[in-house]
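Values below: every heavy atom of this structure, side chains too, minus hydrogens, waters and symmetry copies.
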Amino acid sequence: HVQLVESGGGSIQTGGSLTLSCSASGYTGSGYCMGWFRQAPGKERTGVAKIVSEDESTSYIDSVKGRFTISKDNADNILYLQMNNLKPEDTAVYYCAAARCFIWDGLRLRDEAFAYWGQGTQVTVSS
């Protein structure tokens, strides 16, 4: 069983930076992929970035490439999302997720019920 706790959200102006953290308890090593999702008001939750624990390979949605960086501290079992040059369209509740890599299909989950989720952290970017 894996428990995930996010932190680091907040309110910031356009162009600013925030770093989200997701502290994991339980095994998230080899065989697991972890990622960040976001849900804006009135929209579906969508994948933003993913990292493969085994080789630390990463993937991103096009709209955040070059601005966001996902990373994982395997020693402390913490997932990060460094967000730079934030834009109002990045405003959303951000969730971290962990699941066996075969549950993932790119930045989507084949079945969200098979993933572990954090409680979410709000990021608000004002113009």
Side-chain angles (χ1 to χ4, degrees):
H1 185 70
V2 176
Q3 289 186 311
L4 304 172
V5 179
E6 299 108 338
S7 60
S11 297
I12 198 163
Q13 291 189 324
T14 297
S17 298
L18 283 174
T19 299
L20 306 183
S21 300
C22 174
S23 180
S25 62
Y27 182 77
T28 61
S30 178
Y32 271 83
C33 292
M34 297 186 72
W36 290 94
F37 289 72
R38 66 186 181 187
Q39 186 169 22
K43 296 188 177 180
E44 291 187 351
R45 185 162 57 184
T46 58
V48 174
K50 184 184 82 175
I51 187 166
V52 178
S53 292
E54 187 164 3
D55 62 9
E56 299 187 1
S57 59
T58 59
S59 54
Y60 301 88
I61 55 171
D62 287 345
S63 61
V64 307
K65 285 180 180 177
R67 300 189 298 122
F68 289 12
T69 302
I70 187 170
S71 61
K72 185 169 183 265
D73 181 335
N74 286 315
D76 291 332
N77 211 6
I78 300 174
L79 181 73
Y80 296 99
L81 185 67
Q82 173 67 44
M83 304 184 294
N84 297 325
N85 190 21
L86 282 160
K87 303 176 180 181
E89 52 264 41
D90 295 318
T91 295
V93 178
Y94 284 71
Y95 299 88
C96 67
R100 292 284 190 175
C101 290
F102 65 81
I103 298 296
W104 294 79
D105 178 13
L107 289 169
R108 298 174 64 250
L109 291 165
R110 300 179 195 277
D111 189 334
E112 292 194 353
F114 287 96
Y116 299 100
W117 293 92
Q119 81 285 0
T121 186
Q122 177 71 47
V123 172
T124 302
V125 185
S126 58
S127 57

[X] and [Y]: which non-hydrogen atoms are nearest, and at how many Å?
| X | Y | answer |
| --- | --- | --- |
| E56 | K72 | OE2-O, 4.3 Å |
| N84 | S17 | OD1-OG, 2.9 Å |
| M83 | L20 | CE-CG, 3.7 Å |
| A98 | L4 | N-CD1, 3.8 Å |
| C96 | L79 | CB-CD2, 4.1 Å |

Any donor-acceptor pair under 3.5 Å from D105 side chain to R108 backbone: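 Absent.
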Backbone of Q119 reached by a side-chain donor or acceptor of E6 within 3.5 Å: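 The answer is yes, because a donor-acceptor pair under 3.5 Å joins these two groups.
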R110 side, atom CZ; F102 side, atom CZ - distance, nearest 0.5 Å: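 Separation between the atoms: 9.5 Å.
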Point-to-point distance, once rounded to the nearest 0.5 Å, from OG of S59 to NZ of K50: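 Taking OG in S59 and NZ in K50, the distance rounds to 4.5 Å.
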Aromatic contact, F37 with W117 (centres under 6.0 Å):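 So the answer is yes for these two rings.
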Positive for side-chain hydrogen bond (donor to acceptor under 3.5 Å, both in side chains) with R38, one of D90, T121, T46: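 Testing each of D90, T121, T46 against R38, the sole residue satisfying side-chain hydrogen bond (donor to acceptor under 3.5 Å, both in side chains) is D90.
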Residue pair T28 / N77, side-chain donor-acceptor N/O under 3.5 Å: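 On atom types as modelled, these side chains qualify, holding a pair under 3.5 Å.
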